[in-house]
2 protein chains.
Amino acid sequence: MRIIQFSKSTSYALHALVRLARSEPGVNVGIKELSASLGIPESYLSKVMSKLRQDGLVRAVTGASGGYELARSPEKISFLDVIQVIEGRQHLYECFHTDAQRPSKPQCLIHQVMDGAEERLLQYLREHTIQWVLDRRKEHEPIV
Amino acid sequence: MRIIQFSKSTSYALHALVRLARSEPGVNVGIKELSASLGIPESYLSKVMSKLRQDGLVRAVTGASGGYELARSPEKISFLDVIQVIEGRQHLYECFHTDAQRPSKPQCLIHQVMDGAEERLLQYLREHTIQWVLDRRKEHEPIV
DNA sequence: CAATAATGGACATTACAGGTCTATAATAGT
DNA sequence: ACTATTATAGACCTGTAATGTCCATTATTG
């Protein structure tokens with residue numbers, strides 16, 4: 001049965017963004033340094049970073065001494081932002097009979113419950129940002 | 001990237017359970033009737049029902065005039081129960097570096113956020129049961 | 001014994017996650 | 001201008017999971 005779990009790419013993206021948020025502003029971090037410090041395959045991480053750039057979460061500079069930096073401040077990048085870029089914006093649940101039988105008719109009750117559950121999930125992810133991680137990070141021993 | 005969405009099987013299972021909950025107690029509903037009334041391929045639905053039986057959500061009787069019935073009352077079957085049977089009990093998130101580098105060490109902060117989000121989701125699914133659907137069903141026109 | 005019905009296994013198909021490699025374009029330093 | 005550096009986009013490969021079908025077996029009722 002389908003694995004209901006965020007992809008590795010999401011994990012990669014989140015860690016990369018925290019890493020970028022920790023570097024001096026205005027300093028580009030190259031894919032080599034990024035992948036080495038996080039332990040992620042370089043060629044694959046570059047795909048993920050490309051996607052983050054296309055969706056406006058990071059800026060990229062090509063050429064010597066180029067690299068990546070955050071496109072906006074860490075408190076403006078929520079977990080939900082990152083997840084939606086990587087995983088897409090599909091809903092958590094789709095009734096097997098949607099589209100076919102009811103074009104935008106009132107949802108069935110099962111569907112309503114699932115949408116309610118999704119909203120709880122999204123709300124929490126919306127409320128937590130990269131900055132949240134940075135703040136907590138100062139307190140404990142620096143895990144990530 | 002991996003689709004973060006419940007499988008069709010989960011949708012099948014939820015609809016089937018609501019259907020069983022609506023039938024007279026003590027009456028077995030056969031796979032033919034079940035699949036016909038829901039519009040689900042019979043051979044595939046039987047797989048799903050088998051799984052529900054193995055995990056104790058329904059009882060099955062083989063042989064003539066056999067079929068399925070709920071193993072316990074609808075208010076004791078939560079959405080979470082069903083989902084965990086079908087999708088498994090994996091966590092919504094796994095850091096790409098778990099196991100390998102930190103055997104049961106304190107989670108990284110990203111992990112903590114994701115676990116928090118998961119808990120909100122699970123809580124909502126735990127609070128909504130098959131009976132919840134039956135109750136609401138009486139009010140509106142019977143959608144599902 | 002015969003008809004009915006669930007079970008379990010094998011199997012086919014499709015899609016996608018994860019990953020690699022390469023050619024191309026852009027940039028900084030010499 | 002040349003060269004080294006770096007991101008980008010594309011093609012390609014592999015394994016695995018979701019969906020679904022089919023069949024042989026087992027169990028139950030009449």
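A note on names: the letters A, B, ... follow the listed sequences, proteins ahead of strands, and every chain is numbered from 1.
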Interatomic distance where [atom1] belongs to [X] and [atom2] belongs to [N] [whole Å]:
X       : N      : atom1 : atom2 : result
A/Lys32 : D/dT6  : NZ    : P     : 6 Å
B/Gln5  : D/dA17 : CD    : P     : 18 Å
B/Phe6  : D/dA17 : CZ    : C1'   : 17 Å
A/Arg59 : D/dT6  : CZ    : C1'   : 18 Å
B/Glu42 : C/dA5  : CD    : C1'   : 10 Å
A/Asn28 : C/dG29 : CG    : P     : 12 Å
A/Lys8  : C/dG18 : NZ    : P     : 7 Å
A/Leu45 : C/dC21 : CG    : C1'   : 16 Å

Which is true for A/Ser65 with a 4.0 Å heavy-atom rule: it touches a base, it touches only sugar-phosphate, or it touches nothing?
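Sugar-phosphate, no base atom in range.
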
Check A/Leu70, A/Leu20, A/Leu57, A/Ile77 against A/Leu52 for a side chain to side chain contact (heavy atoms under 4.5 Å, CB included) and give me the one that passes.
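Going through the options one by one, the only one that passes is A/Leu57.
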
If you measure from the Lys or Arg side-chain nitrogens to the Asp or Glu carboxylate oxygens, is any gap between B/Glu119 and B/Arg126 under 4.0 Å?
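A salt bridge is present here (some side-chain N lies under 4.0 Å from a carboxylate O).
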
Can B/Lys8 and A/Glu94 be counted as an ion pair, charged N to O under 4.0 angstrom?
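Salt bridge between B/Lys8 and A/Glu94, a charged N being under 4.0 Å from a carboxylate O: no.
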
Can you find a side chain N or O atom of B/Ser9 that sits less than 4.0 Å from OP1 or OP2 on D/dT19?
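B/Ser9 to D/dT19 OP1/OP2: side-chain N or O found under 4.0 Å.
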
Phosphate OP1/OP2 of D/dG20: any B/Tyr12 side-chain N/O under 4.0 Å
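Yes, within the criterion.
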
Distance-only side-chain donor-acceptor flag, B/His91 / B/Glu118, under 3.5 Å:
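Short answer, yes.
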
Between A/Glu75 and A/Ser73: side-chain donor-acceptor atoms closer than 3.5 Å
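A/Ser73 and A/Glu75 do have a side-chain donor-acceptor pair below 3.5 Å.
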
B/Glu87 and B/Ser9, any side-chain heavy atoms less than 4.5 Å apart:
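The answer is no, as the side chains (C-beta and beyond) never meet within the 4.5 Å cut-off.
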
Qualifying salt bridge (Lys or Arg N to Asp or Glu O under 4.0 Å) pairs with a residue from residues 61-72 of chain B, counting only residues at least two apart or across chains
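Passing the test, one end in residues 61-72 of chain B: B/Arg59-B/Glu69, B/Arg72-B/Asp81.
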
Hey, which of these two, A/Thr10 or B/Gly67, hits DNA chain C nearer its 5' end, going by closest nucleotide?
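Comparing both residues, the 5'-ward one is B/Gly67.
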
Which nucleotide sits closest to the side chain of A/Ala64: D/dT29, D/dT19, D/dT5?
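Minimum distance to the A/Ala64 side chain belongs to D/dT5.
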
List the protein contact pattern of nucleotides 8-15 of chain D with one symbol per nucleotide (5' to 3'): B for base contact, S for sugar-phosphate-only contact, - for none; contact means a heavy-atom distance under 4.0 Å.
SSBB----

